[in-house]
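Convention: sequence-line order gives letters A, B, ...; per-chain numbering from 1. Predicted model, so just to flag it, every value in this text is computed and none were measured.
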There are 2 protein chains.
Amino acid sequence: MISLEQQKNPNPEDFPSELQGLRMTKQRREVLAVILAERDHPTANDVFSRAQDRMSTISLATVYNCLEALVSHKLVRQVNFERESSRYCPNLSDHCHFQDEESGKIHDVVFKEGVKLEDLLELPQGTEISHLEISLKGNFGK
Amino acid sequence: MISLEQQKNPNPEDFPSELQGLRMTKQRREVLAVILAERDHPTANDVFSRAQDRMSTISLATVYNCLEALVSHKLVRQVNFERESSRYCPNLSDHCHFQDEESGKIHDVVFKEGVKLEDLLELPQGTEISHLEISLKGNFGK
DNA sequence: GCCCAAATTTGGAATTATTCTAATTCGGGT
DNA sequence: ACCCGAATTAGAATAATTCCAAATTTGGGC
Ligand SMILES: [Mn+2]
Ligand SMILES: [Mn+2]
Ligand SMILES: [Zn+2]
Ligand SMILES: [Zn+2]
């Protein structure tokens, strides 16, 4: 059993045949490997072209199917900025996203330790949050 | 000079001919009035049909043009949830959005007083934030 | 008021990320 | 090896948004 969390160059072969209750098919394995291989935030198309390098027969529809399966089983995160195409993130730890307006690149931003959402927002009590997305845009000082 | 902030039934006629440096054309006035008339978060299409009630000749392209003009001049906020179509918000005060998963409706959520972003996030120093979007999903307790 | 250039509006076509469809292939269990 | 439900595939469909080029409206100068 491997730790997917911080492996540098994951070998798809090493993934168990099931993760989080999701059957690891050849294609899902490949898509997951592609995402885990880099610390960036590729679009579905990026994932598609990277996956094609090692599996030339994979289809874009399959990449979308795999991404949706991986996201719903919480093996990767989906990241949205305004109306841009979705991106996919290998980092499962609690974090949010900052887009550098100059390069368009997306960076992970970690929450300070011990901060709770209720400390920040006037939420009507009883509210249950199932999903939270924080997205920042800006630049790194002049 | 009127206060747009909390007017209940704004009369487009009352808007000055220029706001925030934006020329108030008939159509922009109408689109703005539609958005200010309710405290909800209509889509471009919602705005289009509401605007058509009083201005039957307005076109969807124009609604999109007007929305983009109003948003960029900060007379209206644009709100995004995942890949759903954009919504538009009349509330210019500092707040974020909660979507009730049962009804799909979007509610404004106010920030607690005195909380600063830097208190929450490990931002590399020097970072300048030009845009921030916080979106929550969930439900109101069982 | 009239004229002009510039800005805006308009209908329709184009774009494009994503989803859908229906047919084919795959794979684990027998 | 055979079966059956699940997964993959190519291609068509969808839908929000943007683009385009023509028509209209606008404000400013005369
Ligand atoms: Mn998300
Ligand atoms: Mn926004
Ligand atoms: Zn990330
Ligand atoms: Zn709002």
Can we say Glu84(A) and Lys137(A) salt-bridge, meaning some charged N sits less than 4.0 Å from an Asp/Glu carboxylate O? yes
Give the rounded distance in Å between these two atoms: [atom1] of [X] and [atom2] of [N].
| X | N | atom1 | atom2 | value |
| --- | --- | --- | --- | --- |
| Leu67(B) | dT18(D) | CG | P | 10 Å |
| Asn45(B) | dT14(D) | CG | C1' | 14 Å |
| Asn65(B) | dT26(D) | CG | C1' | 16 Å |
| Asn80(A) | dA16(D) | CG | P | 16 Å |
| Glu68(A) | dT19(C) | CD | P | 8 Å |
| Met55(A) | dA7(D) | CE | P | 15 Å |
| Glu82(A) | dT17(D) | CD | C1' | 14 Å |
| Glu18(A) | dG29(C) | CD | P | 10 Å |

Nearest to the side chain of [X], heavy atoms from C-beta on, is which of [options]?
| X | options | value |
| --- | --- | --- |
| Ser86(A) | dT18(C), dA16(D), dG11(D) | dT18(C) |
| Ala61(A) | dT10(C), dT18(C), dG11(D) | dG11(D) |
| Thr62(A) | dA16(D), dC19(D), dT9(D) | dT9(D) |
| Thr25(B) | dT8(C), dT9(D), dG27(C) | dT8(C) |
| Ser59(B) | dT10(C), dG27(C), dA17(C) | dT10(C) |
| Ala44(B) | dT17(D), dT18(C), dA7(D) | dT17(D) |

Ring centers of His97(B), His107(B) separated by less than 6.0 Å: no
Can the ring centroids of Phe140(A) and Phe98(A) be said to lie less than 6.0 angstrom from one another? yes
List the atom pairs, donor and acceptor, that lie under 3.5 Å between side-chain atoms in residues 109-122 of chain B and the rest of the protein, sequence neighbours left out.
{"from": "Lys112(B)", "atom 1": "NZ", "to": "Glu118(A)", "atom 2": "O", "distance (Å)": "2.9"}
{"from": "Asp119(B)", "atom 1": "OD2", "to": "Lys116(B)", "atom 2": "N", "distance (Å)": "3.3"}

With DNA chain C as reference, determine whether Leu60(B) or Arg23(B) sits nearer its 5' end, using the nearest nucleotide of each. Arg23(B)
Between Ile58(A) and Glu84(B), who's closer to the 5' end of DNA chain D by nearest nucleotide? Ile58(A)
Does [N] have OP1 or OP2 under 4.0 Å away from a side-chain N or O of [X]?
| X | N | value |
| --- | --- | --- |
| Arg28(B) | dT8(C) | yes |
| Tyr64(B) | dT18(D) | no |
| Gln27(A) | dC26(C) | no |
| Lys26(A) | dA7(D) | no |

Regarding Ser130(A) and Glu101(B), do their side chains bring together a donor and an acceptor under 3.5 Å, going by distance alone? yes
